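Inspection log for the structure reproduced underneath, given as structure tokens.
Remember, it's a predicted structure, so these values are computed and weren't measured experimentally.
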Protein chains: 2
Amino acid sequence: MQTKKTSSARTAILEQATPLFATKGYSGVSMRDISKKVGTSAAALYHHFPDKQSLYMAVMEFVFADKVKNIAPPPEDNSPASRQLEHFVGNFVNLLASDPCLRALLQRELLDGDEARLKLLAKRLFIGPFEAIATFAKSLSSNSDPHMLAVSMIGLLLFHFETIPIREFLPSGEDKHNNTEVITSHVTQLLTTALGVSE
Amino acid sequence: MQTKKTSSARTAILEQATPLFATKGYSGVSMRDISKKVGTSAAALYHHFPDKQSLYMAVMEFVFADKVKNIAPPPEDNSPASRQLEHFVGNFVNLLASDPCLRALLQRELLDGDEARLKLLAKRLFIGPFEAIATFAKSLSSNSDPHMLAVSMIGLLLFHFETIPIREFLPSGEDKHNNTEVITSHVTQLLTTALGVSE
DNA sequence: GTCTATAGCCTGATAGAC
DNA sequence: GTCTATCAGGCTATAGAC
């Protein structure tokens with residue numbers, strides 16, 4: 001019973017490639033770009049990954065694996081609904097704030113991914129957490145469609161981060177709107193009211 | 001007082017380039033790709049646009065100009081707030097559903113755009129409509145931050161469209177969740193409750 | 001206004017030495 | 001496991017004929 005030994009070269013490649021793909025997208029990054037950032041040659045990358053697509057998919061798994069697993073409170077959580085909601089929003093906001101690449105890669109995939117890749121990513125990474133959020137949503141508001149409510153909750157959160165780069169050019173856009181506590185409390189308050197969760 | 005004569009070749013290029021940039025992104029589309037779809041040569045494109053960047057920016061103006069101008073109800077609208085909200089959501093959903101390129105290009109720009117380009121796009125295209133939405137949001141809920149509320153409302157709507165390609169692979173994802181009326185009524189109901197807008 | 005041809009560079013990927 | 005060298009082709013953009 002032995003876990004795979006961590007190949008540090010491989011991990012270093014994934015770590016360096018992640019922010020490149022997140023900021024420039026799949027077709028905006030070349031194998032040479034990655035190799036330069038790692039401090040090696042392009043040919044060396046092909047020793048660790050068979051091709052660019054495989055490297056990219058490995059980056060996706062590297063970024064998402066485990067990070068989004070426990071995003072929703074477990075069904076057996078007995079704390080008050082208002083507290084659960086507050087924690088859920090807070091945890092989600094902290095995750096998005098602490099790892100900007102995660103959000104960018106998710107949104108790029110929704111724009112770029114073909115059917116096969118989205119199916120694979122959904123199956124391996126997103127189905128579990130999404131199901132948990134939908135179940136949590138259902139426990140908060142039993143007469144709404146849990147699928148739609150989960151989508152609404154996630155979208156509500158994401159867009160505050162998605163708009164960070166343009167906010168300073170929009171009316172009343174201030175630094176405080178990028179602050180995690182401000183986003184958390186705004187979204188929590190909105191959802192608490194929307195779902196009729198008693199305080 | 002004469003408006004610029006419509007150059008039909010130029011317009012044809014913009015029309016063909018729009019879905020390409022929307023689906024594959026700036027660096028995923030070559031001038032040859034565009035020229036093939038238009039049915040001309042790559043060199044011909046350079047007669048109408050000085051370079052690829054200029055063509056892309058022209059596409060952005062072509063897609064956004066006027067379309068998002070009247071997205072929010074005017075301040076002098078005297079219909080009940082619940083009706084205004086319903087119309088706003090309905091109009092926004094219809095816009096996003098009728099023109100998938102508009103949403104994709106907006107989200108790509110938020111991911112790809114450098115500071116200068118985002119500033120330019122904000123100034124020329126987004127400030128007006130965003131301001132109108134924020135003002136509308138303030139009229140609905142005077143004690144919330146209008147900027148954050150506007151961001152929340154837009155994000156709530158967008159994500160239902162952003163997730164269309166992956167929804168079929170997520171739990172309980174059904175075709176009905178892609179239906180404009182279903183999205184409109186879900187979001188309207190959510191916002192009506194969240195903002196305490198009386199029916 | 002559109003064409004063909006091409007310059008000059010970048011691309012993913014491979015071969016073979018070490 | 002990493003290197004240099006290289007292939008075959010794609011890229012933006014331009015030159016110059018028509």
Side-chain angles (χ1 to χ4, degrees), chain A residues 3-62 105 108-109 111-114 116-117 120, chain B residues 3-62 105 108-109 111-114 116-117 120:
Chain A
T3 56
K4 193 175 64 177
K5 192 179 161 198
T6 54
S7 155
S8 76
R10 190 187 142 98
T11 305
I13 293 169
L14 294 176
E15 277 169 0
Q16 298 302 315
T18 296
L20 284 177
F21 281 130
T23 56
K24 293 166 174 295
Y26 180 79
S27 57
V29 177
S30 71
M31 295 298 270
R32 282 172 174 80
D33 291 337
I34 298 168
S35 72
K36 261 177 222 157
K37 207 172 169 205
V38 175
T40 182
S41 67
L45 302 180
Y46 285 90
H47 176 78
H48 299 278
F49 306 92
D51 54 28
K52 187 185 174 186
Q53 276 281 346
S54 304
L55 199 168
Y56 176 78
M57 287 302 280
V59 163
M60 293 299 288
E61 298 237 20
F62 175 72
L105 288 169
R108 286 194 181 279
E109 203 54 37
L111 286 166
D112 291 341
D114 58 25
R117 217 163 65 187
L120 184 70
Chain B
T3 55
K4 194 173 63 177
K5 191 178 160 197
T6 55
S7 155
S8 74
R10 190 187 142 99
T11 306
I13 293 169
L14 294 176
E15 278 168 359
Q16 300 300 318
T18 296
L20 284 178
F21 282 130
T23 57
K24 294 166 174 294
Y26 180 80
S27 57
V29 176
S30 70
M31 295 298 268
R32 282 172 170 84
D33 291 337
I34 298 168
S35 71
K36 263 179 220 155
K37 207 174 170 205
V38 175
T40 182
S41 67
L45 301 180
Y46 286 90
H47 175 79
H48 299 278
F49 305 93
D51 53 28
K52 188 185 173 185
Q53 278 279 348
S54 304
L55 199 168
Y56 176 79
M57 287 301 280
V59 163
M60 292 300 288
E61 296 236 21
F62 175 72
L105 288 169
R108 285 193 183 281
E109 203 54 37
L111 286 166
D112 291 341
D114 58 25
R117 218 163 65 187
L120 183 69

Here the gap from Ile13(B) atom CD1 to Met31(B) atom CE, rounded to the nearest 0.5 Å, amounts to 8.5 Å
* Asked: With a 4.0 Å cut-off on heavy atoms, is Ser41(B) in touch with a base, just the backbone sugar-phosphate, or nothing at all?
  -> base
Ser30(A) has its side chain closest, among dT2(D), dG12(C), dA5(D), to dG12(C)
Checklist entry - NA contact type, Val38(A), heavy-atom cut-off 4.0 Å: base, sugar-phosphate, or nothing? => result nothing
Nearest heavy-atom contact between Gly28(B) and Asp33(B) is O-OD2, 4.0 Å
Between CG of Asp51(A) and P of dT11(C) the distance, given in whole Å, is 17 Å
note: Ile13(B), atom CD1; dG1(C), atom P; distance rounded to Å ~ 11 Å
In whole angstroms, the gap separating C1' of dG12(C) from CD1 of Ile34(A) amounts to 11 Å
| task | Look at the side chain of Lys52(B) and the backbone N and O of Val29(B), then say whether any donor-acceptor pair between them is shorter than 3.5 Å. | result | yes
Taken to the nearest whole Å, CG/Leu55(A) to P/dT11(C) is 15 Å
Between OH of Tyr46(B) and C1' of dA5(C) the distance, given in whole Å, is 15 Å
Comparing Ala9(B) with Arg32(B), nearest DNA chain C nucleotide closer to 5' gives the residue Ala9(B)
The nucleotide from dG1(C), dT2(D), dG12(C) with an atom nearest the side chain of His47(A) is dT2(D)
Looking only at dT2(C), dC3(D), dG1(D), the nucleotide nearest the Thr40(B) side chain is dT2(C)
From NE2 of His48(B) across to C1' of dG1(C) the rounded distance in Å is 6 Å
Plane angle bin for Phe21(A) and Tyr26(A) - parallel if under 30°, tilted between 30 and 60°, otherwise perpendicular:
parallel
Met31(A) atom CE is separated from dT2(D) atom C1', nearest whole Å, by 14 Å
Picking from dT14(C), dA13(D), dG1(D), the nucleotide nearest the side-chain atoms of Lys52(B) would be dA13(D)
Practice problem: Decide yes or no for Met57(B) and Phe49(B): does some side-chain heavy atom of the first lie under 4.5 Å from some side-chain heavy atom of the second? | Solution: no
